[in-house]
Amino acid sequence: MSAVGKNRTHESAALHVSGEARYCDDLPELQGTLHAALGLSPIAHGHLLSIDLELLRRQPGVVAVLTAADIPGENNCGPLLHDDPILAAEKLSYLGQPVFAIIASSRELARRAAALARQAIRCEALPPVLTALEAHAAGQYVIPPMHLSRGDAAAALQAAPHRLIGEWRVGGQEQFYLEGQISYALPQEQDSLLIHCSTQHPSEMQQLVAHALGWQAHAVQLQCRRMGGGFGGKESQSALFACVAAIAAHRLGRPVKLRLDRDDDFLITGRRHGFDYRWQLGFDGQGQILAAEVELIANCGHSADLSAPVMARALCHFDNAYWLPHVAMHGFCARTNTQSNTAFRGFGGPQGALAIEMILDSVARRLQLDPLLVRQRNFYRDEAGHNTTPYGQTVEDNQLHALTEQLIASSDYHARRAEIAAFNASSPLLKKGLALTPVKFGISFNVVHLNQAGALVHVYTDGSVLVNHGGTEMGQGLNTKVAQVVAQELGLDMAQVRCSATDTQKIANTSATAASTGSDLNGKAAQDAARRIKQRLLPVAAKLLGCSEADVCFAQGQIGAGERRLSFRELVAQAYLQRVQLWSEGFYATPGLCWDREKLQGKPFYYFAYGAAVAEVLIDTLTGENRMLRADLLHDAGQSINPALDIGQVEGAFVQGAGWLTTEELVWHPDSGLLRTHAPSTYKIPTANDMPPDFRVSLYAQPNAADSIHCSKAVGEPPLLLGFAVLLALKDAVAACGPAGCDPLLHAPATAERVLQALSQT
Amino acid sequence: MSTSPPTTIAPRPIRFFQGGEIRSVQDLAPSTTVLQWLREHAHCTGTKEGCAEGDCGACTVLLGELVDGQLQLRNVNACTQFLPTLDGLALLTVEDLGSSQALNPVQQAMLDCHASQCGFCTPGFVMSLQACYERHCEAGSRPTRQQLADDLAGNLCRCTGYRPILDAGQAMFERPQQRINSAPITAALQQLQQDPPLHYAAANPAFQQRIDHFHAPRSLAALAELRLALPQARLLAGSTDIALWHNKQFRDLGELIYLGAVAALREIRSEPWADSRPGLWIGAGARLEQAWAALSEAAPELRELWLRFASPPVRQAGTLGGNIANGSPIGDGAPALIALGADIVLRQSAAQRRLPLQDFYLDYMKNALRPGEFVEALHLPLPAANQPLRAYKISKRFDSDISALCAVFALQLDADQTVRQARLVFGGMAATVKRAAAAEAALLGQAWSAEAAALAAQALSQDFQPLSDMRASSDYRLRVAQNLMHKLWLETRPEQPLLAQQSRIWQLRSQA
């Protein structure tokens with residue numbers, strides 16, 4: 001019986017459903033634990049003049065008030081550039097920026113005192129820049145503009161028989177991890193700290209805390225057993241809270257916990273970048289794209305954070321599934337006085353790919369062709385000249401055509417297109433729409449050196465196995481998959497393999513669990529560790545079984561050669577007596593990657609994951625209200641290690657992507673810059689009633705051609721892009737209300753209001 | 001704080017059943033939430049905090065109470081319940097269902113269906129599913145997938161996309177039945193019923209250890225007397241809003257008079273209207289779920305509004321009287337009740353007075369309540385059959401979303417289709433829930449026709465200059481309000497009226 005390729009329950013499922021799974025805030029608090037809360041800037045832009053510390057210190061329960069002046073090391077928690085203060089020092093850059101920290105005897109008292117920020121902070125307001133277009137007009141960026149081009153777009157545009165000029169906009173998206181940001185810092189002996197932190201990037205937290213304290217990294221230990229969701233929001237932006245808790249704990253010599261209230265979490269942390277686009281397109285009468293020039297303007301917020309790699313990924317995904325002979329892309333990372341935007345599942349990829357999908361839809365409508373046909377005509381093809389991305393990587397193992405054909409058939413696309421046309425002809429108020437959108441998503445960090453991972457496998461003398469790796473568990477089932485890989489390697493039952501908390505004292509210098517690479521990297525590293533142990537056990541086993549090493553087989557908890565068997569437990573007990581090392585480290589670095597970050601050329605991705613979705617929607621033409629009726633998803637997870645978990649990722653990502661493009665609207669006050677949608681009461685993520693009542697999800701069973709872990713493919717981010725189909729179906733329904741060839745302008749998120757707006761233009 | 005007679009009831013600890021025994025709490029501020037108590041004091045960390053405003057459901061717990069001697073369970077959000085409101089009740093959390101080594105059918109189904117990913121929302125889903133499980137086991141029924149989705153409208157999951165959770169909701173009934181053991185709970189609740197009414201007093205560390213009082217009278221007379229004696233005290237019903245004043249705004253709640261222990265206030269009964277038409281009496285303390293059930297029975301057109309009013313855990317905690325007295329311009333209760341012609345019944349000591357509900361609202365969050373007075377009930381005439389009545393709620397999301405606008409329209413037509421009476425009531429369009437006077441005037445005495453509806457729609461721009469906010473723009477609100485007049489016409493015109501499935505996108509729900 002093999003451990004991989006099976007539907008295995010999430011390793012923590014029994015703990016989840018019984019409430020026994022421990023998240024950071026569930027750990028028993030040490031005696032003397034204090035609680036922190038942050039005082040936030042009441043203005044979006046200005047100068048900090050002073051803080052009334054006396055007012056704050058005399059509030060009930062307050063033990064200490066910390067400001068930027070109390071940070072012993074560097075006042076920065078930015079992951080790449082040093083432009084992100086932990087606590088604002090002189091400049092106030094957005095409404096909600098942490099300015100001081102209250103440390104109090106209880107969380108409630110800390111929060112009450114912190115809520116006096118408006119009274120305690122004296123500041124001088126300056127006019128804020130709140131939208132990306134304003135910042136772009138003023139040339140205000142967090143990093144210099146980025147350009148990625150191929151061929152001569154300008155000349156090809158001039159020569160094209162048809163041209164399209166357009167503008168479009170998509171909003172940002174809040175991660176809305178159910179467990180908010182939290183760090184719990186515990187002073188240890190000899191000026192060191194243990195920090196429990198809900199983070200996707202323990203090593204970076206360790207480093208940033210060390211910098212903030214002016215320490216060496218070895219004095220800071222970060223642990224994360226699990227997160228209650230991350231989605232990118234805990235990649236870089238868990239740092240501020242880890243740093244504040246650490247500084248306070250060290251200064252006061254007491255454990256300090258900082259757990260954000262949900263509203264503060266919204267006000268302080270960033271999210272998916274909203275994008276504005278301006279494009280020019282040249283195409284022929286068949287809908288074949290000849291040239292594209294596009295500006296992508298991202299609202300980055302007040303600091304760089306991860307905006308540079310997010311924009312790089314957006315530029316590398318503008319092509320999505322399509323061959324673009326001449327293309328010029330310009331990425332602008334606009335600096336605004338809002339929360340600093342960051343990673344969110346897809347990491348710019350969705351914002352890049354969605355633009356070309358909107359463009360192709362417009363092309364098809366103007367030519368009065370089925371958008372699906374236009375998409376297929378532009379697909380990358382397995383022929384020289386039509387299989388190279390604008391950034392120079394060859395599209396190998398192209399599954400777009402076959403996968404799309406399979407979905408067209410299984411979703412009954414063409415018959416439903418006709419049925420919907422008939423429905424719309426006879427329905428005066430309600431209209432339906434249908435769309436099929438494909439996905440091609442590049443797997444690997446866009447920065448070569450991040451594509452590495454370590455693991456540590458311990459085999460104990462009773463035959464039980466403990467696995468540790470540098471990845472973090474945020475619900476995606478990484479620990480389950482890694483345990484499956486190790487169990488498979490050693491021929492063990494899953495019950496014998498246990499994964500433990502991610503810990504910077506076990507695996508050093510880890511990359512973030514991000515870019516969908518968790519299983520690819522850590523699975524390979526754990527496999528490497530298990531193989532090393534197995535290599536050491538082989539001679540022992542061969543000797544015990546009286547056979548050659550080549551004949552020894554590890555399976556079902558048994559070590560066998562022919563008829564002869566011994567248990568794994570017996571083998572390791574014997575090996576221990578023979579002083580064989582029963583634990584091992586493992587390491588993996590993705591091969592063959594190269595990337596020139598100046599020219600944006602190279603092979604940034606180890607392989608591509610593919611998928612496609614068909615969505616059918618219904619709109620109310622009097623109110624713009626809309627809903628999804630059916631969705632058919634077909635997604636390429638390679639040869640899945642755990643189909644149940646992968647299906648879960650595909651469905652969850654799709655619903656999340658659909659939420660981004662429909663109900664999840666972020667609204668900032670146009671004058672003050674206050675984020676007005678700062679809690680689930682005002683920011684609406686999908687509920688059970690928003691999933692399509694008819695939901696058909698399949699994995700595309702095709703092993704990865706690249707040498708990935710058990711020929712699987714990464715599945716965390718790519719299916720988020722399947723949600724595009726919902727937006728395009730909404731546009732299809734709106735277009736059904738207008739004359740033939742109409743191309744309504746439907747911005748995203750397509751709330752009821754935006755749908756009605758679009759309808760009024762048809 | 002007061003020398004009035006009712007407060008001379010000696011303070012006593014809060015007593016409730018939890019974790020298999022009767023708990024007694026006496027030193028925590030009355031504003032301590034049930035969630036705070038569970039996590040920080042009882043160290044039961046299975047119940048999670050996701051938002052602390054009753055919108056995500058991660059803190060869903062079950063409350064048990066005896067109704068006519070029978071144990072009844074309801075799922076509520078622990079973050080918006082204050083600890084003293086537990087007095088006399090049972091509190092059940094995920095820890096009471098089954099351990100990881102011995103899962104109960106709900107938990108096992110969730111596991112089997114791969115219905116948890118990050119797991120943080122999971123205990124809340126388990127508790128909502130458990131409430132559903134108990135209800136259906138009791139009734140011998142099974143929920144449809146649609147009913148399950150409606151039951152889970154107050155639980156957010158960001159990982160799964162919900163499909164496996166709905167699967168689990170069906171699979172839990174396939175396993176051998178194993179319900180919550182009600183015997184020890186019932187026995188404990190019977191014992192707690194012997195306690196005198198609660199007067200709780202404890203120091204509040206947020207206010208220099210001031211002693212805060214919490215009164216929970218059990219009779220209408222005792223409540224009326226307390227209200228008169230403590231006109232400055234705050235009335236607390238379901239606390240689904242007031243808890244946010246505490247959790248999010250840090251407002252000083254001061255002395256609290258709790259309405260939830262007054263059984264008479266929860267009464268829902270037939271009560272003839274003044275002209276001897278049949279009528280419906282809904283006690284101010286009736287929980288939203290029961291109140292909406294009664295309203296929807298009287299006027300089936302309100303059913304969608306019921307389903308979309310907050311979420312089950314909020315409806316199981318909040319009261320219709322609280323929703324009405326709170327008087328938010330975006331509350332969905334008032335538009336329905338005003339359209340139906342409801343009176344609000346107010347009480348001061350033994351004296352009752354009544355007002356048409358629309359006259360109760362004076363201005364933004366201002367009402368006609370006098371000092372010492374409280375809302376006793378809503379009383380309404382049952383709508384006549386075959387007269388146009390429609391309710392529309394417009395929001396970004398179907399479930400548990402505050403209305404951008406809510407419109408409830410009731411017309412009375414003569415035999416010749418002349419509009420004899422029109423009640424066109426809007427929430428979200430002005431500082432209070434308001435009737436559209438000009439639009440109503442445009443309809444009165446006219447034949448009900450497309451032209452009349454268009455004139456009324458036009459007149460709405462005289463009635464309303466709505467605000468722009470994060471829910472919708474002013475233009476959208478007004479335009480949709482006008483479009484809804486047209487929709488009303490299309491749905492109620494004498495010739496070929498549009499059926500619900502031709503005009504309502506949510507109508508297809510039940511077919512799924």
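Note that this is a predicted model, so its numbers are computed, not measured. FYI, side chains are in, hydrogens and waters are out, and symmetry mates aren't considered; it's all heavy atoms of this structure.
Taking chain B as the reference chain and counting heavy-atom pairs below 4.5 Å, the highest number among A:D263, A:T480, A:L15, A:I647 is found for A:D263. When each of B:L97, B:L166, B:D469, B:I165 is scored by its heavy-atom pairs under 4.5 Å with chain A, the top score falls to B:D469. For the options A:D26, A:T663, A:V667, heavy-atom pairs under 4.5 Å to chain B are most numerous at A:D26. Comparing A:G659, A:A13, A:S12 by heavy-atom pairs within less than 4.5 Å of chain B, the highest count is held by A:A13. The candidate from B:N155, B:L111, B:T47, B:V480 with the greatest count of non-hydrogen atom pairs under 4.5 Å with chain A is B:L111. Comparing A:V650, A:L645, A:N626, A:T662 by heavy-atom pairs within less than 4.5 Å of chain B, the highest count is held by A:N626. If you tally non-hydrogen atom pairs under 4.5 Å between each of B:G46, B:P123, B:C159 and chain A, the highest count goes to B:C159. Most heavy-atom pairs under 4.5 Å with chain A, from the set B:R163, B:Q502, B:R471: that is B:R163. The residue among A:Q476, A:Q175, A:E29 with the most heavy atom pairs within less than 4.5 Å of chain B is A:Q175. Ranked by heavy-atom pairs under 4.5 Å with chain B, the list A:M474, A:E665, A:R111, A:R226 is led by A:R111.
For residues 18-25 of chain A, the interface with chain B (any heavy-atom pair closer than 4.5 Å) comprises A:S18, A:G19, A:E20, A:A21, A:Y23, A:D25, sorted by residue number. Scanning residues 100-109 of chain B against chain A with a 4.5 Å heavy-atom cutoff picks out B:S100, B:L103, B:Q107, ordered by number.
Of the possible donor and acceptor atoms, one in the side chain of B:Y162 sits under 3.5 Å from a partner among the backbone N and O of A:P686. With hydrogens and angles ignored, the 3.5 Å screen pairs a side-chain donor or acceptor of B:R397 with a backbone N or O of A:I685. In terms of modelled atom types and a separation under 3.5 Å, the side chain of B:Q117 and the main chain of A:G648 share a donor-acceptor contact.
Contacts of B:A52 with chain A are made by side-chain atoms alone, with heavy-atom separations under 4.5 Å and no backbone atom involved. Only the side chain of B:R39 comes within contact range of chain A, with at least one heavy atom under 4.5 Å from a heavy atom of that chain. For A:T9, the parts lying under 4.5 angstrom from a heavy atom of chain B are both the backbone and the side chain. When heavy atoms are compared at a cutoff of 4.5 Å, A:S760 approaches chain B by way of both its backbone and its side chain. Of the two parts of B:H43, neither the backbone nor the side chain holds a non-hydrogen atom closer than 4.5 Å to a non-hydrogen atom of chain A. For a residue to count as touching a neighbouring chain, one of its non-hydrogen atoms must lie under 4.5 Å from one of that chain's; by this rule A:F231 touches chain B with the side chain only. Heavy atoms closer than 4.5 Å to chain A are found in both the backbone and the side chain of B:K487. Within the 4.5 angstrom heavy-atom criterion, only side-chain atoms of A:R259, from C-beta onward, approach chain B. For B:L148, no part lies near chain A; criterion is any non-hydrogen pair under 4.5 Å. Both the backbone and the side chain of A:L430 come within contact range of chain B, with heavy atoms under 4.5 Å apart. Looking at B:T93, there are no atoms closer than 4.5 Å to chain A (heavy atoms on both sides), in backbone or side chain. The contact between A:F695 and chain B is made entirely by side chain atoms (from C-beta outward), counting heavy-atom distances below 4.5 Å. Using a 4.5 Å cut-off between heavy atoms, B:Q209 does not touch chain A at all. Residue B:L244 does not touch chain A at all, counting heavy-atom pairs closer than 4.5 Å. With a 4.5 Å cut-off on non-hydrogen atoms, A:V655 touches chain B through its side chain but not through its backbone. Contacts of A:E11 with chain B are absent, with no heavy-atom separation under 4.5 Å from either backbone or side chain. The part of B:E53 that comes within reach of chain A is its side chain, from C-beta onward, which places non-hydrogen atoms under 4.5 angstrom from that chain.
More than 12 heavy atoms of other residues, nucleotides or ligands sit less than 6.0 Å from atom CG of B:L490. Within a 6.0 Å sphere centred on CD of B:Q249, other residues, nucleotides and ligands contribute more than 12 heavy atoms. Heavy-atom neighbours of A:R118 CZ from other residues, nucleotides or ligands within 6.0 Å: at or below the threshold of 12.
Side-chain contact between B:T33 and A:E108 is absent, with no heavy atoms from C-beta onward closer than 4.5 Å. Contact of the A:P60 side chain with the B:P205 side chain is not registered, since no non-hydrogen atoms from C-beta on lie closer than 4.5 Å. Under the 4.5 Å side-chain criterion, counting only non-hydrogen atoms from C-beta, A:D261 is in contact with B:E49. Within the 4.5 Å cutoff, no side-chain heavy atoms of A:E179 are placed close to those of B:K48. Side-chain atoms of B:F120 and A:M227, non-hydrogen and from C-beta on, never get closer than 4.5 Å to each other. The shortest distance between side-chain heavy atoms of B:K248 and A:R262 falls below 4.5 Å. With a 4.5 Å cut-off on side-chain heavy atoms, A:T687 and B:S400 do not count as touching.
Shortest non-hydrogen contact noted between B:S503 and A:D620 is O-OD2, 3.7 Å. B:C121 and A:L178 make their closest contact through CB-CG, 4.0 Å (heavy atoms, listed as atom of the first residue, atom of the second, distance). Between B:I402 and A:S681, the shortest heavy-atom contact is CD1-O, 4.3 Å. When all heavy atoms are compared, the tightest approach of A:G228 to B:C118 is C-SG, 3.3 Å. The minimum heavy-atom distance linking A:Q656 with B:R158 is given by the pair NE2-O, 3.3 Å.
A donor atom on one side chain and an acceptor atom on the other are found under 3.5 Å apart for A:H16 and B:S116. When only modelled atom types and interatomic distance are considered, B:T160 and A:E651 share no side-chain donor-acceptor pair under 3.5 Å.
Annotation: the span from B:C51 atom SG to A:Y683 atom OH amounts to 15.0 Å, rounded to 0.5 Å. If you take OG1 on A:T623 and OH on B:Y476, they are separated by 5.0 Å, rounding to the nearest 0.5 Å. Once rounded to the nearest 0.5 Å, the distance linking CD of A:E753 with CG of B:D475 reads 8.0 Å. Atoms CD1 and NZ, from B:I505 and A:K431 in turn, are 14.5 Å apart once rounded to the nearest 0.5 Å. Here the CG-CG distance, from A:L622 to B:L488, works out to 11.5 Å after rounding to the nearest 0.5 Å. Between atom CG of residue B:L307 and atom CG of residue A:N689 there is a gap of 8.5 Å, rounded to the nearest 0.5 Å.
In this structure B:E40 satisfies the salt bridge (charged side-chain N to carboxylate O under 4.0 Å, His left out) test with no other residue, sequence neighbours excluded.
Identified under the salt bridge (charged side-chain N to carboxylate O under 4.0 Å, His left out) test for residues 103-119 of chain B, with sequence neighbours left out: B:D112-B:R175.
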